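First comes the structure, then the notes that go with it.
Because the structure is a prediction, the values reported are computed rather than measured. Each chain gets a letter, A, B and so on, in the order its sequence line appears, and its residues count up from 1.
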Number of protein chains: 2
Amino acid sequence: MLLSTKGEYGVRCMLDLAIHYGQGPISIRDISKREGISKNYIEQLFVRLRHAKLIKSVRGPKGGYLLISQPRRIKIGDVVRALEGPIAAIRCVQPQNSKDLCERISTCVLYILWKRLTDKINEVLDSTTLEGLCREGMKLSKHRLAHPLPFQI
Amino acid sequence: MLLSTKGEYGVRCMLDLAIHYGQGPISIRDISKREGISKNYIEQLFVRLRHAKLIKSVRGPKGGYLLISQPRRIKIGDVVRALEGPIAAIRCVQPQNSKDLCERISTCVLYILWKRLTDKINEVLDSTTLEGLCREGMKLSKHRLAHPLPFQI
DNA sequence: ACAAATCTGACTAATTTTGTCAAGTATAAA
DNA sequence: TTTATACTTGACAAAATTAGTCAGATTTGT
Ligand code: FES
Ligand code: FES
């Protein structure tokens, strides 16, 4: 699997924030209820997202989290990378420490393949924004008017 | 990371077999030396590859492993899936057991994204064959004639 | 018989994942 | 000013996965 629950849940939470964009701070408690993800775990994810400057926090009562910029400006790739670290097919394409380095990169035919795959993955993730997902979701929900929310997550 | 060392090393070994295709059985000992991967670990990987009918074995002295079909017939996707199981962006796209299932698939806007990403990944992996890699490798080695092998792994 | 090789299953240390928990700090509202 | 709300931080830990290792059994060419 490319993503762990960190990435999966984190993107879900960011989409939740995007849906409620412009409505003031959204509390973790509310997100937790809607998405069915543990409050404590969301806190952990939001540490990373805040550190990556994708969200900001408001403390105190009526506080919560907000997207730091418009949903149209936030690429899913940014969210995923903030949560999971660099996305790559194998280690040597995005080396994190010295032991990830291959010495034969310049002549390695497989490196070319893994690099091509890595680029494709990031391309897909970076060609989708939170706003794009919101729009797709609204289109989906038009076909199922019974549902109370604008669309399901 | 999309692939663990199982996938990374396994593809390396399969490419090694492809390079020596038509030269009779190749022993794990030789592959281990060339690729710098533990003999014991390669044995484990080859269990999966044999079970997936990608390689066959010849026992006894002068024995070893051979590709079961021509390098042009073997897609990297087949190799990777044999080693790592189904390749997917997140669990619910290729559910392995009941707890991987999401109940909201039909209305989930994120499922659409993860599915698109998963398809793209498999598309890249399935559009490359072992022969393709061999050819690319030979092209690379033409530019570095000093090297003893046809090309480096 | 012997040696070269595959084959099998058990075992394990290290790491990552998937969280939980407790004790803080900041602040808006009463 | 008090209080309740909500973010913040760091520690902790069970479970799963990764990345192998190892011992022994089996097969077979010479
Ligand atoms: S696998 Fe890293 S350079 Fe070949
Ligand atoms: S994440 Fe599985 S259906 Fe939405």
Atom-pair distance ([atom1] on [X]; [atom2] on [N]), nearest Å:
X: Ile42(B); N: dA5(C); atom1: CD1; atom2: C1'; answer: 14 Å
X: Glu43(B); N: dA25(D); atom1: CD; atom2: P; answer: 16 Å
X: Leu83(A); N: dT16(C); atom1: CG; atom2: P; answer: 17 Å
X: Asn40(B); N: dT6(C); atom1: CG; atom2: C1'; answer: 12 Å
X: Leu49(A); N: dT9(D); atom1: CG; atom2: P; answer: 14 Å
X: Tyr41(B); N: dA13(C); atom1: OH; atom2: P; answer: 17 Å
X: Lys99(B); N: dT18(C); atom1: NZ; atom2: P; answer: 9 Å
X: Phe46(A); N: dT8(D); atom1: CZ; atom2: P; answer: 11 Å

5'-most contact on DNA chain C (nearest-nucleotide basis), Arg29(B) vs Val47(B), goes to Arg29(B)
Between Lys39(A) and Gly63(B), which is nearer to the 5' end of DNA chain C once each is assigned its nearest nucleotide? Gly63(B)
Can a side chain N or O of [X] be found less than 4.0 Å away from OP1 or OP2 on [N]?
X: Ser38(A); N: dT20(C); result: yes
X: Tyr65(B); N: dC7(C); result: yes
X: Lys6(A); N: dT17(C); result: yes

Nearest to the side chain of [X] - [options]?
X: Ser57(A); options: dT8(D), dA5(C), dC22(D); result: dT8(D)
X: Arg50(B); options: dT27(C), dC7(C), dA5(C); result: dC7(C)
X: Tyr9(A); options: dT6(C), dG19(C), dA29(C); result: dG19(C)
X: Arg59(A); options: dT25(C), dT5(D), dT18(D); result: dT25(C)
X: Ser4(B); options: dA19(D), dG19(C), dC7(D); result: dA19(D)
X: Thr5(A); options: dC7(D), dT28(D), dG19(C); result: dG19(C)
X: Lys62(A); options: dT9(D), dC7(C), dA29(C); result: dA29(C)

Using a strict cut-off of less than 4.0 Å between a Lys/Arg side-chain nitrogen and an Asp/Glu carboxylate oxygen, indicate whether Glu84(A) and Lys6(A) qualify as a salt bridge. no
Look at Glu131(B) together with Arg73(B) and state whether they make a salt bridge at an N to O cut-off of under 4.0 Å. no
Looking only at side chains, do Tyr41(A) and Thr5(A) share a donor and an acceptor under 3.5 Å apart? yes
Any side-chain donor paired with an acceptor under 3.5 Å for Ser27(B) and Tyr65(B)? no
Decide salt bridge (charged side-chain N to carboxylate O under 4.0 Å, His left out) for Arg12(A) and Asp16(A); before the verdict, give the C-alpha distance in whole Å, the side-chain angles of both, and the deciding distance to 0.1 Å. CA-CA 6 Å; Arg12(A) 286 246 298 273; Asp16(A) 191 293; over 6 Å; no
Between the base of dT21(D) and the side chain of Gln44(B), is there a donor and acceptor pair under 3.5 angstrom? yes
Tell me whether Leu66(A) shares a hydrophobic cluster with Ile26(A), the cluster being built from Ile, Leu, Val, Met, Phe, Trp, Tyr side chains joined at under 4.5 Å. no
